[in-house]
2 protein chains.
Amino acid sequence: MHQTIIDTLKRNQLSITDSRKKILELFLHAKGALAHFDIEHQSGAEFDRVTIYRTLQTFVEKGIIHTIPTADNSIRYALCKDDCANGHHHDDHVHFMCDDCGTTYCLDHVTVPQVSLPNGFTVTQTDVIISGKCMKCA
Amino acid sequence: MHQTIIDTLKRNQLSITDSRKKILELFLHAKGALAHFDIEHQSGAEFDRVTIYRTLQTFVEKGIIHTIPTADNSIRYALCKDDCANGHHHDDHVHFMCDDCGTTYCLDHVTVPQVSLPNGFTVTQTDVIISGKCMKCA
DNA sequence: AATACAATGCAACATTGTTGCAAAATATTG
DNA sequence: CAATATTTTGCAACAATGTTGCATTGTATT
Ligand SMILES: [Mn+2]
Ligand SMILES: [Mn+2]
Ligand SMILES: [Zn+2]
Ligand SMILES: [Zn+2]
């Protein structure tokens, strides 16, 4: 597991630092998506807030994690699958936010449906966010 | 048009105030969705920021406007259709955000597809946000 | 017009995110 | 391995966005 972390950083030409190792580890062990807030707390005040912001930004740029749009003003992040790299994301799965426990799930096996738009609109990305109750809170 | 505004407020049992009239008017004339920022500027510094926040919150609760999840941490709001009322929203249309001009459109005639989830998940709401280029920026 | 009720403005605070820059850590080179 | 070049970090300062309590003002009701 620890090797996976270092491998991932190297594969993406990132230097190996404590914060990057720790934050990547948090994502690997996380059940759902993480917000900046979660990372700041789960890392035990080990790193500066700014470092966390910059690390998340770097990970998104490298295609290690992806963002999930929300209506509650706090961006969530989750691990990408292997085929995301260097700004080219291929996360075409549906996201689920539980109204009860707040957990955000990547439903990797539920692909986003194709939506046909009126003439003149060009599609770059389609995000599907479903809210409701998760299997734990049902 | 002015009568529509007062009617809408009365229908929702809201008292008629300057800020509510003005903000509702902005939505009626707006082409796309509005963020708090837009309203603060378009209303010409006429109302306190707090008043705008509270008015938006009230309008959402009453089913006059609905929120649109975004990936950029600034909630957008847009007018609901007539069948939304008192917390029960029926906005099952797709939203589009232009990468170029930033305009957020309610595609009222594009309904969100039904997505079937794994066992144990219950759906309350499905949001579809598509990004790309709009017909003006194509 | 008098009263009851609700909305507003202000101040103060909380949260989230950004930028510049010196210090520290990491990677590279000989 | 040590010296150097390059990156990353932490700090400070700031900006944007959102929330709460409370006195004042405005709206609705009688
Ligand atoms: Mn995901
Ligand atoms: Mn809409
Ligand atoms: Zn849950
Ligand atoms: Zn556009």
Side-chain angles (χ1 to χ4, degrees), chain A residues 2 5-26 33-62 64-77 86 102 104, chain B residues 2 5-26 33-62 64-77 86 102 104:
Chain A
H2 180 252
I5 291 171
I6 292 186
D7 273 358
T8 301
L9 292 177
K10 281 189 176 163
R11 193 170 48 244
N12 287 281
Q13 291 150 355
L14 293 173
S15 42
I16 317 294
T17 69
D18 289 348
S19 57
R20 286 175 181 166
K21 279 190 287 184
K22 180 67 180 179
I23 293 176
L24 194 45
E25 189 189 358
L26 287 178
L34 299 175
H36 176 274
F37 178 90
D38 303 316
I39 294 167
E40 196 173 344
H41 283 71
Q42 291 181 29
S43 62
E46 206 176 336
F47 309 107
D48 194 84
R49 277 170 10 89
V50 178
T51 300
I52 297 176
Y53 279 116
R54 290 198 266 229
T55 302
L56 289 172
Q57 204 173 299
T58 302
F59 283 2
V60 170
E61 282 163 8
K62 288 294 187 178
I64 300 172
I65 60 177
H66 61 275
T67 61
I68 303 167
T70 64
D72 74 344
N73 253 55
S74 82
I75 304 175
R76 311 290 159 98
Y77 302 86
N86 230 323
T104 304
Chain B
H2 181 250
I5 291 172
I6 291 185
D7 274 356
T8 301
L9 292 176
K10 281 190 175 164
R11 195 169 48 245
N12 288 281
Q13 290 148 358
L14 293 173
S15 44
I16 318 293
T17 69
D18 288 348
S19 57
R20 287 176 180 164
K21 279 189 286 184
K22 179 68 180 178
I23 292 176
L24 193 46
E25 189 188 358
L26 287 179
L34 299 175
H36 176 276
F37 178 91
D38 303 316
I39 294 166
E40 197 173 342
H41 281 70
Q42 291 181 30
S43 62
E46 205 175 339
F47 309 107
D48 195 83
R49 279 171 6 91
V50 179
T51 300
I52 297 175
Y53 280 117
R54 290 197 267 232
T55 302
L56 290 172
Q57 204 172 299
T58 302
F59 282 1
V60 170
E61 282 162 9
K62 289 293 187 179
I64 300 173
I65 60 178
H66 60 276
T67 61
I68 302 167
T70 63
D72 73 345
N73 252 51
S74 84
I75 304 175
R76 311 289 160 100
Y77 302 86
N86 232 321
T104 303

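Chain identifiers are assigned alphabetically (A, B, ...) following the order of the sequence lines, protein sequences preceding nucleic acid strands; residue numbering begins at 1 within each chain.
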Engineer: With DNA chain C as reference, determine whether Phe47(B) or His36(A) sits nearer its 5' end, using the nearest nucleotide of each.
Structural biologist: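 The residue mapped nearer the 5' terminus is Phe47(B).
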Engineer: If the test is side chain to side chain donor-acceptor pair (under 3.5 Å), which one of Thr70(A), Thr67(A), Thr104(A) qualifies with Arg76(A)?
Structural biologist: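 Of the listed options, the one satisfying the test is Thr104(A).
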Engineer: Val50(B) has a side chain; which of dT18(C), dT17(D), dC10(C) sits nearest to it?
Structural biologist: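 The closest nucleotide is dC10(C).
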Engineer: Any donor-acceptor pair under 3.5 Å linking the side chain of Arg49(B) with the backbone of Glu40(B)?
Structural biologist: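 Judged by distance alone, no pair lies under 3.5 Å.
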Engineer: Below 3.5 Å, does any donor atom in the side chain of Arg54(A) face an acceptor in the base of dG10(D), or the other way round?
Structural biologist: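 Flag set: donor-acceptor pair detected.
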Engineer: Please report the distance, rounded to the nearest Å, between NZ in Lys10(B) and P in dA28(D).
Structural biologist: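 It is 8 Å, rounded to the nearest whole Å.
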Engineer: Measure CD1/Ile39(A) against P/dG17(C) and give the value in whole Å, please.
Structural biologist: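 To the nearest whole Å, that distance equals 11 Å.
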Engineer: Given dG17(C), dT9(D), dT19(D), identify the nucleotide with an atom nearest to the side chain of Tyr53(A).
Structural biologist: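 Nearest to the side-chain atoms of Tyr53(A), counting from C-beta on, is dG17(C).
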Engineer: In this structure, how many angstroms lie between the C1' atom of dA16(D) and the NE2 atom of His41(B), rounded?
Structural biologist: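 In whole Å, dA16(D) C1' and His41(B) NE2 are 11 Å from each other.
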Engineer: When the distance from CD of Glu61(A) to C1' of dT8(D) is rounded to whole Å, what number comes out?
Structural biologist: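 These atoms are roughly 14 Å apart.
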Engineer: In whole Å, what is the span from the CD1 atom of Ile23(B) to the P atom of dT8(C)?
Structural biologist: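 Those two atoms, CD1 and P, are 8 Å apart.
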Engineer: Ignoring backbone atoms, test whether Thr17(A) places a side-chain nitrogen or oxygen under 4.0 Å from the OP1 or OP2 oxygen of dT9(D).
Structural biologist: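 Checking Thr17(A) against dT9(D): at least one side-chain N or O falls below 4.0 Å of OP1 or OP2.
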Engineer: Is there a donor-acceptor pair under 3.5 Å between the side chain of Asn12(A) and the backbone N or O of Leu14(A)?
Structural biologist: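 Pair absent, no side-chain N/O of Asn12(A) close to backbone of Leu14(A).
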Engineer: Are Ile39(A) and Phe47(A) close enough that some pair of their side-chain heavy atoms sits under 4.5 Å apart?
Structural biologist: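 Ile39(A) vs Phe47(A): side chains apart.
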Engineer: In terms of side-chain heavy atoms of Phe37(B), which of dT27(D), dT17(D), dT9(D) is nearest?
Structural biologist: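 Given the options dT27(D), dT17(D), dT9(D), the side chain of Phe37(B) is closest to dT17(D).
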Engineer: Does Phe59(B) reach the side chain of Ile23(B), with side-chain heavy atoms less than 4.5 Å apart?
Structural biologist: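 SC-SC contact between Phe59(B) and Ile23(B) confirmed.
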Engineer: Base, sugar-phosphate alone, or nothing: which one does Thr58(B) contact when heavy atoms must sit under 4.0 Å apart?
Structural biologist: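 Nothing: the residue Thr58(B), judged by heavy atoms under 4.0 Å, touches no strand.
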Engineer: Answer yes or no: does a side-chain N or O of Ser19(A) lie under 4.0 Å from OP1 or OP2 of dT9(D)?
Structural biologist: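 So the side-chain polar atoms of Ser19(A) do come within 4.0 Å of the phosphate oxygens OP1 or OP2 of dT9(D), strictly under.
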Engineer: From CG of Asp48(B) over to P of dC22(D), roughly how many Å is that when rounded to an integer?
Structural biologist: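 The distance from CG of Asp48(B) to P of dC22(D) comes to 18 Å, rounded to the nearest Å.
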Engineer: Where the side chain of Ile16(B) is concerned, which of dT26(C), dT16(C), dA28(D) is the nearest nucleotide?
Structural biologist: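 Side chain of Ile16(B) sits closest to dA28(D).
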Engineer: I'd like to know if Arg49(A) reaches the base of dG17(C) with its side chain, counting only an N/O donor and acceptor under 3.5 Å.
Structural biologist: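 By the distance-only test, yes, there is a pair.
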Engineer: Report the distance from atom NZ of Lys21(B) to atom P of dG26(D), rounded to the nearest whole Å.
Structural biologist: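 Going from Lys21(B) (NZ) to dG26(D) (P), I get 13 Å.
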Engineer: How many whole angstroms separate atom CD1 of Ile75(A) from atom C1' of dT16(C)?
Structural biologist: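 In whole Å, dT16(C) C1' lies 9 Å from Ile75(A) CD1.
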